[in-house]
Amino acid sequence: MPELPEVETIARGLAGRVMGDVIESVWLGEKREPLKSPPQEIAGTLTGKRIASVRRLGKHIVFDLARDHEPRPAAQWIVHLGMTGQMLVSRPEVEIAKHTHAIVKLASGRELRFVDPRRFGRLSVAHGFETSGSEPLEISEENFIKLFRARKTPIKSALLNQKLLRGVGNIYADESLYRAGVRPRRRAASLTRDELHKLYRAVQKVLKEAIAAGGSSVSDYVDADGEEGFFQLRHRVYGREGKPCYKCKTPIKRVVIAGRSSHYCPKCQR
DNA sequence: ACTATTTCCTGGATGC
DNA sequence: TGCATCCAGGAAATAG
């Protein structure tokens with residue numbers, strides 16, 4: 001499931017392959033769920049535009065679209081991959097995968113294909129796209145600590161709240177809390193300054209390491225080249241229910257918090 | 001202004 | 001083997 005490190009990896013891969021290319025035409029499938037903007041608006045905004053840049057914002061992929069010969073982007077194509085979404089660069093002769101919801105033909109002859117079996121992903125267009133929340137790799141420690149002050153919700157839920165931090169999902173929330181030694185059910189406001197300091201460092205460390213590893217490949221995540229990441233090999237708690245903690249051998253516990261499976265070591269995390 | 005719960009989706013795993 | 005049921009979860013919608 002693509003979170004910040006996976007989306008960063010994908011956006012970088014896409015930038016290297018389609019930046020500067022021009023969109024010739026757009027095909028959108030029958031299903032309406034994957035579209036957040038009306039289909040004519042998406043097709044109309046994309047067609048004829050040059051892809052000036054591709055970047056990540058939270059868990060979104062942002063394609064900056066410019067009119068030919070104009071340096072400033074006139075619009076953005078926003079892609080959220082949801083859980084099972086993939087954005088692939090394909091040659092036109094490659095067979096169209098099941099659950100392909102959009103095909104964008106490029107002047108270079110290749111195609112951008114959006115494939116998403118579960119249809120939790122979303123496509124939209126925008127002008128001056130913004131999202132709420134802070135980038136976890138850019139926020140200052142002082143502002144990070146302020147985010148959680150006076151919040152009654154479990155720290156795990158607060159980490160997943162995109163209006164606070166954007167880009168942290170279930171895997172990296174669990175991995176960060178383990179490294180910070182904090183139990184996921186703790187009320188956010190109950191964390192001490194020292195625990196918040198450790199959590200700040202842990203979130204940044206985990207995200208940076210995961211980006212360096214090309215993300216975590218669980219379920220069907222692959223990057224723009226169809227390559228898997230390998231950070232899943234370094235997960236210390238996520239997906240390790242019942243297995244021994246790497247530090248103390250205590251079996252890792254799994255509980256459900258706000259409908260999300262949450263993994264932690266009952267001895268190392270307090 | 002927050003917080004908690006429900007809903008959307010399909011493929012893979014599980015159970016009988 | 002076949003069929004039914006459950007589960008994964010990001011974010012929006014709904015309810016409190």
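The CD atom of A:Glu3 lies 8.5 Å from the CG atom of A:Leu207; values are rounded to the nearest 0.5 Å. We find the CD-NZ distance between A:Gln204 and A:Lys208 to be 5.0 Å, quoted to the nearest 0.5 Å. One finds the CG atom of A:Asp116 at 10.0 Å from the OG1 atom of A:Thr100 (value rounded to the nearest 0.5 Å). Atom CD of A:Glu138 is separated from atom CG of A:Leu165 by 11.5 Å, given to the nearest 0.5 angstrom.
Taking the ring axis of A:Tyr264 as reference, the NZ or CZ atom of A:Arg236 does not stay both within 45° of it and closer than 6.0 Å to the ring centre. Figure legend: A:Lys247 and A:Tyr178 shown as a cation-pi pair, the cationic atom lying under 6.0 angstrom from the six-membered ring centre and within 45 degrees of its axis.
The base of B:dG11 is not paired with the side chain of A:Arg118 by any donor and acceptor separated by under 3.5 Å.
If you take CZ of A:Arg260 and C1' of B:dT5, they are 11 Å apart, rounded to a whole angstrom. Rounding to whole angstrom units, CG of residue A:Leu147 and P of B:dT3 are separated by 12 Å. If you take CG of A:Leu165 and C1' of C:dA11, they are 16 Å apart, rounded to a whole angstrom. Rounded to whole angstrom, the span from the CG atom of A:Leu160 across to the C1' atom of B:dT5 amounts to 15 Å. Atom CG in A:Leu81 sits roughly 17 Å away from atom P in C:dG9 (whole-Å rounding). Atom-to-atom, CG of A:Asn161 to C1' of C:dA12 comes out at 12 Å; the value is rounded to the nearest Å. Straight-line distance from the OH atom of A:Tyr172 to the P atom of C:dG9: 14 Å, rounded to whole Å. Following rounding to the nearest Å, A:Phe120 (CZ) and C:dC7 (P) show an atom-to-atom distance of 15 Å.
Closest to the side chain of A:Arg119, from the set B:dA4, B:dC9, C:dG10, is B:dC9. Relative to the side chain of A:Ser261, the nucleotides C:dA8, B:dG11, C:dG10 differ in distance, and C:dA8 lies closest. Set against C:dA8, C:dG10, B:dA4, the side chain of A:Arg187 has B:dA4 as its closest nucleotide. The side chain of A:Pro154 approaches B:dA4 more closely than any other nucleotide in the set B:dA4, C:dA12, B:dT10. Side-chain atoms of A:Met83 lie closest to C:dG9 of the nucleotides B:dA4, C:dG9, C:dA11.
Dashed line: the shortest gap from a side-chain N or O of A:Thr153 to OP1 or OP2 of B:dA4 is under 4.0 Å. Under 4.0 angstrom from either OP1 or OP2 of B:dT10 there lies no side-chain N or O belonging to A:Lys98. A close approach under 4.0 Å does not occur between any side-chain nitrogen or oxygen of A:Tyr238 and OP1 or OP2 of C:dA8. Regarding contacts with the backbone of B:dG11, a side-chain N or O of A:His99 is found under 4.0 angstrom from either OP1 or OP2. The side chain of A:Arg32 contributes no N or O atom lying less than 4.0 Å from OP1 or OP2 of B:dC8. The side chain of A:His80 places no N or O atom within less than 4.0 Å of a non-bridging phosphate oxygen (OP1 or OP2) of C:dG10.
Projected onto DNA chain B by closest heavy-atom contact, A:Arg151 and A:Gly259 fall at different nucleotides, the more 5' of which corresponds to A:Arg151.
Contact annotation for A:Arg254: backbone-only contact, meaning every heavy-atom pair under 4.0 Å involves sugar-phosphate atoms and none involves a base.
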